[in-house]
A.B. asks: 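This is the structure I want to talk about, given as structure tokens.
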Amino acid sequence: MTKDRLYLYDTTLRDGQQTQGVQFSVPEKIAIAKGLDAIGIDYIEGGWPGANPTDSDFFEARPDTRATFTAFGMTKRAGRSAANDEVLAGVMNAGTPAVCLVGKTHDYHVTTALGITLEENLENIRASVAHIVAEGREALFDAEHFFDGYKANAPYALEAVLAAYRAGARWVVLCDTNGGTLPAEVAEITRAVIDAGLPGDRLGIHCHDDTGNAVAASLAAIEAGVRHVQGTLNGLGERCGNANLTTLIPTLLLKEPFRSTLETGVPPEALSGMTKLSRRLDDILNRVPLRSAPYVGASAFAHKAGLHASAILKDPSTYEHIDPSVVGNTRLIPMSNQAGQSNLRARLADMGIEVDPKDPRLGRILEVIKEREDQGYAYDGAQASFELVARRELGLLPRFFEVKRYRVTVERRKNRYDQMVNSSEAVVVVKIGGQKTLSVSESFDEQGCDRGPVNALSKALAKDLGPYQRYIDDVKLVDFRVRITQGGTEAVTRVIIDSEDGAGQRWSTVGVSANIVDASFEALLEAVQWKLVSEGVQPV
């Protein structure tokens with residue numbers, strides 16, 4: 001059976017940058033583009049040349065890619081030719097092999113937002129697309145507000161997209177710009193466009209997620225016949241975001257009817273890099289990855305209920321729709337005070353530890369977990385700390401070093417400019433073998449700003465661990481969560497810290513204390529200990 005080719009178009013570098021709080025630098029854009037190219041994306045939209053200095057600089061520095069690099073802009077303005085429109089010229093001057101122009105297809109937007117006649121808008125579309133084609137570039141047309149425009153005035157919306165198609169556009173992309181069209185409507189209208197004479201192998205879909213249906217609507221359009229789909233990594237985008245490619249791509253490659261009828265540029269083996277690419281983007285943005293994200297989230301294959309864990313031990317397919325490793329993710333059997341023997345043995349097996357089901361130490365581990373969770377610990381969100389507890393009870397936890405003492409000082413004072421500033425300093429004394437070492441660290445960042453006492457402690461602890469240093473040099477703290485578990489004067493603070501190493505491995509540890517700094521230090525200490533255990537390091 002011959003498969004239809006489906007083309008994947010990523011607009012993270014433009015639409016993704018419209019996310020509130022997101023602003024990419026040129027090096028960050030280059031890193032993202034390389035990651036997209038590595039997994040097999042067909043088109044990478046780099047931004048709008050001339051719209052801002054970053055986008056202009058990026059097109060000058062853009063990397064060589066197998067993917068077709070695309071510049072984004074808008075159709076020419078009324079009253080001038082395509083060749084003499086300076087905004088369109090700025091887009092063309094980026095020298096990309098493909099150019100995507102956005103144009104109006106909703107009659108209300110034409111007459112109200114643009115203030116021109118409906119025929120003038122059609123001429124702008126025709127002339128702009130024809131100009132791109134005449135210059136030897138691949139032309140794409142983003143039909144802005146198409147679905148709303150179709151529902152308001154179907155003949156005009158169709159006339160607009162057909163104008164782009166007849167002018168030579170390789171792809172005419174139907175955009176649900178406001179994100180309010182539901183999947184069934186998207187499918188129905190898409191079929192109407194194809195019936196009107198715009199073939200599916202020249203038609204694309206671009207959905208926003210304002211009803212939480214962007215991926216579903218994109219799939220509906222594909223089933224209706226489009227062969228080009230646009231989206232962003234991690235669903236970045238204005239308002240509620242765009243169709244999430246980290247959800248869409250695995251679905252297209254792994255689920256029917258798409259798997260057996262469509263071919264993409266993403267080879268099956270490239271899927272194993274999906275989770276890493278998703279988390280790399282979050283790392284660039286300094287954002288905490290969404291744990292519940294489909295396919296790539298840390299909780300996507302987590303099984304907390306004892307009944308589920310028992311079934312998973314027998315056959316993972318009982319509660320998993322795919323093998324987590326296919327998308328580069330891992331199975332997680334969380335431990336909590338609700339856990340039973342099934343969860344425990346499954347988790348120990350994941351750690352590479354085989355224990356006889358009748359071993360009395362299993363019961364002791366569960367008792368310790370329940371006792372500690374009663375004190376405020378939470379192990380379902382801190383699996384690395386659970387592993388240390390289990391290893392300790394099984395006699396399998398090496399003693400790498402001992403922290404003899406630590407001290408943290410925080411100072412608030414005026415500087416020479418009469419400004420109030422903070423500074424934090426930490427001292428950590430560690431005993432390795434028979435030798436003590438003292439490490440001191442401040443918490444200033446590259447800009448000279450104080451990052452707080454926990455940061456100072458983290459830097460001091462990891463500053464000089466002698467023979468273990470090379471194993472932790474690439475470890476960094478990526479998230480820090482605090483919760484008060486009791487109120488009043490007996491309040492207990494729980495701190496959960498997420499750490500990550502240079503290979504992208506991420507783990508969570510927990511600390512509990514009435515003192516937030518002490519709870520933080522406990523979690524930091526366990527993060528280092530777990531890293532050494534995971535590397536198979538032997539104590540000196």
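Position 1 is the first residue of the sequence; numbering continues from there. Quick note: numbers below take in every heavy atom, side chains included, and nothing from hydrogens, waters or symmetry partners. All values derive from a computational prediction rather than experimental measurement.
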A.B. asks: Hey, are R364 and E367 close enough for a salt bridge, meaning a charged N less than 4.0 Å from a carboxylate O?
C.D. replies: yes

A.B. asks: For a 4.5 angstrom cut-off between non-hydrogen side-chain atoms, does V440 reach E425?
C.D. replies: yes

A.B. asks: Can you measure from CE (M274) to CD1 (I249) and round to the nearest 0.5 angstrom?
C.D. replies: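 Between M274 CE and I249 CD1, I get 4.0 Å after rounding to 0.5 Å.
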
A.B. asks: Roughly how far apart are L524 CG and L457 CG, rounded to 0.5 Å?
C.D. replies: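 Interatomic distance, L524 CG to L457 CG, rounded to 0.5 Å: 6.5 Å.
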
A.B. asks: Atom CZ of R279 and atom OG1 of T246: how far apart are they, to the nearest 0.5 Å?
C.D. replies: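 So the CZ of R279 and the OG1 of T246 are separated by 11.0 Å.
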
A.B. asks: Show the nearest heavy-atom pair for residues T493 and A519, with the distance to one decimal.
C.D. replies: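 That would be O-CB, 3.7 Å.
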
A.B. asks: Is it the case that the side chains of D501 and Y471 hold a donor-acceptor pair, with the cut-off being a distance below 3.5 Å and no angle test?
C.D. replies: no

A.B. asks: If only side-chain N and O atoms count, and only distance matters, is there a donor-acceptor pair under 3.5 Å linking D498 with S508?
C.D. replies: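 Judged by distance alone, the side chains do pair up.
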
A.B. asks: If you count heavy atoms of other groups shown closer than 6.0 angstrom to NZ of K255, is the number above 12?
C.D. replies: yes

A.B. asks: Compare every heavy atom of A67 with every heavy atom of D37, then report the nearest pair and how far apart it is.
C.D. replies: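 The answer is OD1-N, 2.8 Å.
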
A.B. asks: Within 45 degrees of the axis of the six-membered ring of Y379 and under 6.0 Å from its centre: does R372 put its NZ or CZ there?
C.D. replies: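 Output no; distance or angle outside limits.
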
A.B. asks: Atom CG of D15 and atom CD of E45: how far apart are they, to the nearest 0.5 Å?
C.D. replies: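 D15 CG to E45 CD: 6.5 Å, rounded to 0.5 Å.
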
A.B. asks: When the ring planes of F401 and Y468 are compared, do they come out parallel, tilted or perpendicular, using 30° and 60° as the limits?
C.D. replies: tilted

A.B. asks: Within the structure provided, determine whether L285 and N234 are in side-chain contact (heavy-atom separation under 4.5 Å).
C.D. replies: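 No - every pair of side-chain heavy atoms lies 4.5 Å or more apart.
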
A.B. asks: Among side-chain atoms of N515 and S513, is any donor-acceptor pair under 3.5 angstrom?
C.D. replies: no

A.B. asks: For the pair R331 and D350, find out whether any cationic side-chain nitrogen is under 4.0 Å from an anionic carboxylate oxygen.
C.D. replies: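 Between D350 and R331 there is no salt bridge, as every charged N stays at least 4.0 Å from the carboxylate O atoms.
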
A.B. asks: Knowing that exactly one of N455, V482, L477, V495 qualifies, which makes a side-chain contact (heavy atoms from CB on, under 4.5 Å) with S520?
C.D. replies: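 One option only clears the test, and that one is V495.
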
A.B. asks: Name the one of F58, W48, F59 that satisfies ring-ring contact (aromatic ring centres under 6.0 Å, His included) with F72?
C.D. replies: W48

A.B. asks: Can you find a side-chain donor-acceptor pair between Q230 and T11 that sits under 3.5 Å?
C.D. replies: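 No, T11 and Q230 have no side-chain donor paired with an acceptor closer than 3.5 Å.
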
A.B. asks: Run K476 and D283 through salt bridge (charged side-chain N to carboxylate O under 4.0 Å, His left out) and show every step you take.
C.D. replies: CA-CA 11 Å; K476 61 180 179 179; D283 188 46; 3.0 Å; yes

A.B. asks: Considering only heavy atoms from C-beta outward, does the side chain of Y406 approach that of V517 to under 4.5 Å?
C.D. replies: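 A side-chain contact under 4.5 Å exists here.
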
A.B. asks: Please lay out, stage by stage, how D356 and K358 fare under the test salt bridge (charged side-chain N to carboxylate O under 4.0 Å, His left out).
C.D. replies: CA-CA 5 Å; D356 189 295; K358 298 180 180 179; over 6 Å; no

A.B. asks: CG/D282 to CG/L277 distance, rounded to the nearest 0.5 angstrom?
C.D. replies: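 These two atoms lie 10.0 Å from each other.
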
A.B. asks: Show your working on side chain to side chain contact (heavy atoms under 4.5 Å, CB included) between V22 and R287 and close with a plain yes or no.
C.D. replies: CA-CA 10 Å; V22 170; R287 289 163 42 132; 4.2 Å; yes

A.B. asks: Drop me the distance from S443's OG to D450's CG, to the nearest 0.5 angstrom.
C.D. replies: 3.5 Å

A.B. asks: Determine, stepwise, if the pair R62 / F69 fulfils side chain to side chain contact (heavy atoms under 4.5 Å, CB included).
C.D. replies: CA-CA 9 Å; R62 65 182 174 87; F69 239 93; 3.6 Å; yes

A.B. asks: What is the minimum heavy-atom distance between S272 and S325, and which atoms define it?
C.D. replies: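 For S272 versus S325, the nearest heavy atoms are CB-O, 4.1 Å.
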
A.B. asks: Do you know which two heavy atoms are closest between D10 and L245, and how far apart they sit?
C.D. replies: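 Scanning both residues, the minimum pair turns out to be OD2-CD1, 3.2 Å.
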
A.B. asks: For T251 and L219, work out which heavy atoms get closest and say how close.
C.D. replies: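 Result for this residue pair: CG2-CD1, 3.9 Å.
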
